[in-house]
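Read through the structure below, which is laid out as structure tokens, and then see the notes.
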Amino acid sequence: MSRMRVAVLISGRGSNMAALIEAAKDKSYPAEISLVLSNRPDAGGLVTARANGIATAIVDHKLFGKDRAAVDAAMQQVLEAHRIDIVCLAGFMRLLSPGFVGQWQNRMLNIHPALLPAFKGLDTHKRAIEAGAKRHGATVHFVVPEMDAGPIIMQGAVAVRPDDTEEALAARVLAVEHRIYPAALRLVAENRVSVIDGRCLIDGAPVPDAETLMTQT
Ligand code: GAR
């Protein structure tokens, strides 16, 4: 069976991208990483992608002024040229226009370093500690026009320790991110995820605990 063609969109170091590349090295994984696209020419992840023999592209938003629609059109053109089926945002730090998001409805995933809907936006680890949260983690979700919203595919949680620092907590959450992103993409690439009333079903059923699911698949 031919594998789904995935583009990973990055802005920085690309450790989640690297986790997806590693997972896709297994030929039985249902997706291949066909393209890494960055909005920043200096993103560290581009070096990793090239070292793995993966096609890279840069759509530098700074060259487009304030014209967000033109940036997104340029990205769409690159994605189409590479016959992409699924888009994975992995530390891609730009808002996307509703038109672009609409073109990838239920085919574009994002990873966010918090248990959504808590702690949308930036500095999630610092805010979780300051709020006294006992559990924190990461979420893979489908992208909708609203930032850090959209149907949740998978979450992974860690306990927040009383003496946690932002760095220590971030490192434990990042390890979770690297597990759940490949697992969530696998489900989507296998066409096992559907969205009903804004919620994800897996194999047609609600899944109460994605961590449990991860250990089963
Ligand atoms: C990751 O922690 C990801 O969850 C976060 O940026 C980091 C990128 O790291 N994304 C967001 O905050 C998006 N709202 P990486 O480049 O090493 O994957």
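Counting starts at 1 for both ligands and their atoms, in listed order. Just so it is clear, the structure is predicted and the values come from calculations on it, not from any experiment.
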Between the protein and ligand 1, which nitrogen or oxygen pairs come in under 3.5 Å, and how far apart is each?
| residue | atom | partner | partner atom | Å |
| --- | --- | --- | --- | --- |
| ligand 1 | 2 (O) | Glu177 | OE1 | 3.1 |
| ligand 1 | 2 (O) | Glu177 | OE2 | 3.0 |
| ligand 1 | 4 (O) | Glu177 | OE1 | 2.7 |
| ligand 1 | 9 (O) | Arg13 | NE | 3.4 |
| ligand 1 | 9 (O) | Arg13 | NH2 | 3.3 |
| ligand 1 | 14 (N) | His112 | ND1 | 3.3 |
| ligand 1 | 16 (O) | Gly14 | N | 2.8 |
| ligand 1 | 17 (O) | Arg13 | NE | 2.5 |
| ligand 1 | 17 (O) | Ser15 | N | 2.7 |
| ligand 1 | 17 (O) | Ser15 | OG | 2.5 |
| ligand 1 | 18 (O) | Ser15 | N | 3.4 |
| ligand 1 | 18 (O) | Asn16 | N | 2.9 |
| ligand 1 | 18 (O) | Asn16 | ND2 | 3.0 |

So which atom in Ile153 and which in Ile202 form the shortest heavy-atom distance, rounded to 0.1 Å?
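Where Ile153 meets Ile202 most closely, the heavy atoms are O-CD1, 4.1 Å.
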
By the definition side-chain contact (heavy atoms from CB on, under 4.5 Å), identify the one residue from Leu79, Ile86, Asp85, Leu96 that meets it with Trp104.
Leu79

side-chain contact (heavy atoms from CB on, under 4.5 Å) with His125: which of Glu166, Glu130, Glu167?
Glu166

Does Ser97 offer a backbone N or O that forms a donor-acceptor pair with the side chain of Asp72 under 3.5 Å?
yes

Restricting to salt bridge (charged side-chain N to carboxylate O under 4.0 Å, His left out), what partner residues turn up for Asp203, sequence neighbours left out?
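Here the qualifying residues are Arg192.
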
Cut-off 3.5 Å, side chains only: do Asn39 and Lys62 have a donor facing an acceptor?
no

